[in-house]
Asks: 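Please see the structure below; I have some questions.
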Amino acid sequence: MKLSLSPSTQKHNGKKAGTCSVKAAWDEMRDVRRGRDETIDRSMTDQNVWLCGSTDMDLEAEIQKYIDQVNVDKKAHGKRVLRCDAVTGIEMIEKPPMEYMEKLSREEQIRFLRASSDVMDQILKDWKPDWITVAQVIHFDEFGGKAPHTHRIVVPLTKDKNGVLAFNAKAEFNLKFFTFVNTEYPKRMRERGYEVEDCKIYDRMTEEEKEQHRQNKPEYGLEGFEYKRRKQQELETAIGEKEAVVEDLEDRQRELADQNKKLEERNRQVKIRIMTEEEVKALPKPQKTLGGDYKISPKKYQNLLATAKRVDLAEHNQRVLRDKEQRLQEKEADLEKKQRLPIPERMELSALRKMKTIVEKIVSYLPDGWVRDALLLALEGRDLIEEKNRQRGRTRNIGHELR
């Protein structure tokens, strides 16, 4: 982010100047932590680690010293002094992925960020030897300490082609600079033993990747608080989707359990006790005819046949029920396996739930007002800004109708 002691308020082609005041950036960076970022837990600010400078330094006065040096040199060479809205500072943020930093201990996090800072120092020196880092701090007080990252403010001092001191952020802090950083940073971090993946560079993207980059362009250049607000909404949506999947699996499991109980009850109702071989032999035998054959009445014979058929039918039904019960048990076991999310997704869901708890805690500490209302609506998946805009639209329509 480009910084100025007196940023311009004029618009160019309908757009505001993309320059922030040094004071606003410094107040958000130092221990004052003044800003619109709702993820800051000020009770943890004392855990922040300063790598260069300190929270008590007068950063505006420090930058003014370099401005005075440039103006003195310009006057000595008969050149005009700097404009009051000149870019005289640059804020940079080195922010590793949260999911990577969460796995490290506090000592490992500090060691990684110090190595990252050293690498960036080397890269900045290689890019422009006269650039000076005047303040640098590691923030541990955002997202409950789970996303430590480094802020630094650089004075982009340089010399023109005649060797005169100057500030020229427009020519030196541009796409070529970011291409240089994105190329060198991963390579040099790997040399220090950290598995850092290569960054995507626009000039080296495929046409498909460039198209995707253009579609996602509204995400670039957002202020920190707005970017985090959107990410928080994405986290809430992801939690809701995963919880919905779990609830659906639990509902299906309950349905299968109910079906299984019904089948067991039906099985008990139709179950017929089969006599053992000894019990059958102990039954009384029928009378015999004179020829030695057993005699039995037609009714008893019919009853015996009917009983035999009922036994055969019961055995058949019992086999069918056993098969259904086995299939249901297999489905239930399969469903239980599906219900168990993979370990990475379970860890992600746990992290998302913790993140939601942190946001709810932040909301509980905020006083009544616009920020609290916006956060409460965001937890419900709603956007206060969009609702206000819709209300204004309806008010304007009613005004037109009255006229």
Side-chain angles (χ1 to χ4, degrees), residues 1-3 20 22-35 37 39-66 88-98 100-157 169 172-173 177-178 180-182 184-196 199 224 228:
M1 179 186 295
K2 296 177 182 179
L3 307 178
C20 175
V22 171
K23 183 180 186 310
W26 180 235
D27 282 349
E28 195 282 330
M29 176 176 163
R30 65 193 182 109
D31 290 355
V32 173
R33 302 296 272 137
R34 184 179 293 118
D37 190 346
T39 66
I40 298 173
D41 184 352
R42 288 168 178 80
S43 67
M44 301 176 66
T45 299
D46 60 351
Q47 299 180 27
N48 294 345
V49 178
W50 285 88
L51 304 178
C52 177
S54 69
T55 185
D56 299 323
M57 67 185 293
D58 188 342
L59 187 70
E60 291 177 282
E62 185 72 18
I63 292 179
Q64 185 64 52
K65 288 194 306 185
Y66 293 104
T88 53
I90 297 172
E91 182 180 15
M92 301 179 184
I93 301 176
E94 300 158 37
K95 192 166 190 176
M98 183 190 298
Y100 172 75
M101 298 302 285
E102 277 187 303
K103 298 175 183 177
L104 305 180
S105 66
R106 179 56 58 90
E107 292 75 17
E108 290 171 333
Q109 290 173 344
I110 294 175
R111 190 156 51 246
F112 175 87
L113 291 170
R114 283 188 183 277
S116 175
S117 173
D118 291 343
V119 166
M120 281 301 299
D121 286 340
Q122 295 170 4
I123 291 173
L124 294 177
K125 285 295 181 185
D126 291 344
W127 178 251
K128 291 295 171 184
D130 295 324
W131 282 17
I132 303 165
T133 297
V134 292
Q136 190 176 10
V137 62
I138 300 175
H139 282 167
F140 284 99
D141 57 359
E142 296 180 32
F143 285 106
K146 296 181 179 179
H149 56 279
T150 305
H151 285 247
R152 76 164 67 212
I153 291 181
V154 176
V155 175
L157 194 65
E172 297 178 352
F173 186 66
F177 167 74
F178 290 111
F180 180 71
V181 171
N182 290 337
E184 292 297 318
Y185 179 84
K187 180 173 63 178
R188 299 189 188 193
M189 286 298 287
R190 285 196 292 268
E191 290 173 357
R192 289 174 172 257
Y194 294 102
E195 293 299 323
V196 177
C199 300
K228 291 175 183 176

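Fair warning: this is a prediction, and the values are worked out from it, not measured in the lab.
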Asks: Evaluate the criterion side-chain contact (heavy atoms from CB on, under 4.5 Å) for residue pair M57 and W26; output intermediate values, then yes/no.
Replies: CA-CA 10 Å; M57 67 185 293; W26 180 235; 3.5 Å; yes
Asks: Please round to the nearest 0.5 Å and tell me the distance separating atom OG1 of T133 and atom CG of L124.
Replies: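 One finds 5.5 Å between OG1 of T133 and CG of L124.
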Asks: In Å and rounded to the nearest 0.5 Å, what is the CD to NE2 distance from E142 to H149?
Replies: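 It comes to 3.5 Å.
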Asks: Evaluate the side-chain contact (heavy atoms from CB on, under 4.5 Å) criterion for residues F173 and M92: first the C-alpha distance (whole Å), next the side-chain angles of each, then the deciding distance (0.1 Å), finally the verdict.
Replies: CA-CA 11 Å; F173 186 66; M92 301 179 184; 4.3 Å; yes
Asks: Specify the closest pair of heavy atoms between P148 and M101, including all atoms of both residues, with the distance to one decimal.
Replies: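 Closest heavy-atom pair between P148 and M101: CG-CE, 3.7 Å.
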Asks: Holding to side-chain contact (heavy atoms from CB on, under 4.5 Å), I want the full list of residues that pass it with V49, two or more places apart in sequence or in another chain.
Replies: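 By the side-chain contact (heavy atoms from CB on, under 4.5 Å) rule, V49 matches L51, I110, R114, I138, F140.
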Asks: Partners of N48 by side chain to side chain donor-acceptor pair (under 3.5 Å), sequence neighbours excluded?
Replies: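 With sequence neighbours excluded, N48 shows a side chain to side chain donor-acceptor pair (under 3.5 Å) to D141, given in chain and number order.
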Asks: Nearest 0.5 Å please: distance from the CD1 atom of I93 over to the OG1 atom of T150.
Replies: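 It is 10.0 Å, given to the nearest 0.5 Å.
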Asks: Apply the side chain to side chain donor-acceptor pair (under 3.5 Å) test between H151 and each candidate in E91, E94, R30, Q136; give the one that qualifies.
Replies: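 When E91, E94, R30, Q136 are each tested with H151, the side chain to side chain donor-acceptor pair (under 3.5 Å) holds only for E91.
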Asks: Going by the rule side-chain contact (heavy atoms from CB on, under 4.5 Å), which residues pair with R42 if we only count those two or more places apart in sequence or in a different chain?
Replies: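 For R42 the side-chain contact (heavy atoms from CB on, under 4.5 Å) partners, ignoring immediate neighbours, are R33, I40, T45.
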Asks: Please identify each residue that fulfils salt bridge (Lys or Arg N to Asp or Glu O under 4.0 Å) with E108, with sequence neighbours left out.
Replies: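 Salt bridge (Lys or Arg N to Asp or Glu O under 4.0 Å) list for E108, sorted by chain: empty.
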Asks: Among residues at least two apart in sequence or on other chains, which ones pass side chain to side chain donor-acceptor pair (under 3.5 Å) with K125?
Replies: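 By the side chain to side chain donor-acceptor pair (under 3.5 Å) rule, K125 matches no residue at all.
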Asks: Could you grab the distance from atom OH of Y66 to atom CG of D130, nearest 0.5 Å is fine?
Replies: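 The CG atom of D130 is 11.0 Å from OH of Y66, to the nearest 0.5 Å.
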Asks: Identify the heavy atoms of C20 and M1 that sit nearest to each other, and give their distance.
Replies: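 Scanning both residues, the minimum pair turns out to be CB-SD, 3.4 Å.
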Asks: May I ask you to decide if M29's main-chain N or O and H139's side chain share a donor-acceptor pair within less than 3.5 Å?
Replies: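 Yes; at least one donor-acceptor contact below 3.5 Å.
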Asks: Over all heavy atoms of both residues, which pair between Q109 and L104 is shortest? Give the atoms and the distance, please.
Replies: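 Heavy-atom minimum between the residues: NE2-O, 3.6 Å.
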Asks: I'd like to check the side chain to side chain donor-acceptor pair (under 3.5 Å) partners of Q64; sequence neighbours left out, ordered by chain and number.
Replies: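 Side chain to side chain donor-acceptor pair (under 3.5 Å) list for Q64, sorted by chain: D68.
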Asks: Once side-chain contact (heavy atoms from CB on, under 4.5 Å) is applied, do any residues pair with D118, and if so which ones, sequence neighbours excluded?
Replies: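 If we apply the side-chain contact (heavy atoms from CB on, under 4.5 Å) test to D118, skipping adjacent residues, the hits are D121, R192.
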Asks: Does any part of the side chain of V196, heavy atoms only, come nearer than 4.5 Å to the side chain of Y100, both counted from C-beta?
Replies: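 In short, these two side chains do not touch, never coming nearer than 4.5 Å.
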Asks: Output all residues satisfying salt bridge (Lys or Arg N to Asp or Glu O under 4.0 Å) with K65, sequence neighbours left out; order by chain, then residue number.
Replies: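 Once residues adjacent in sequence are excluded, the partners of K65 under the salt bridge (Lys or Arg N to Asp or Glu O under 4.0 Å) criterion are E62.
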Asks: How would you list, by chain and number, every residue that makes a side-chain contact (heavy atoms from CB on, under 4.5 Å) with I123, sequence neighbours excluded?
Replies: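 In terms of side-chain contact (heavy atoms from CB on, under 4.5 Å), with neighbours along the sequence ignored, I123 is linked to V119, M120, F180, V181, E184, Y185, R188.
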Asks: Not counting sequence neighbours, which residues clear salt bridge (Lys or Arg N to Asp or Glu O under 4.0 Å) with R111? List them please.
Replies: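 Residues passing salt bridge (Lys or Arg N to Asp or Glu O under 4.0 Å) with R111: none at all.
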Asks: So, for D31 and T55, which heavy atoms are closest and what is the spacing to 0.1 Å?
Replies: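 The pair with the smallest heavy-atom distance is N-OG1, 2.9 Å.
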Asks: Compare every heavy atom of W127 with every heavy atom of E172, then report the nearest pair and how far apart it is.
Replies: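 Nearest pair, atom of E172 first, then W127: O-NE1, 2.9 Å.
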Asks: How would you list, by chain and number, every residue that makes a salt bridge (Lys or Arg N to Asp or Glu O under 4.0 Å) with K2, sequence neighbours excluded?
Replies: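 None.
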Asks: Name all residues meeting the side chain to side chain donor-acceptor pair (under 3.5 Å) criterion together with S54; count only those two or more places apart in sequence or in a different chain, and write none if there are none.
Replies: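 Applying side chain to side chain donor-acceptor pair (under 3.5 Å) to S54 gives none.
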Asks: Indicate the atoms forming the closest heavy-atom contact of I90 with P156, along with that distance.
Replies: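 Closest heavy-atom pair between I90 and P156: CD1-CB, 3.9 Å.
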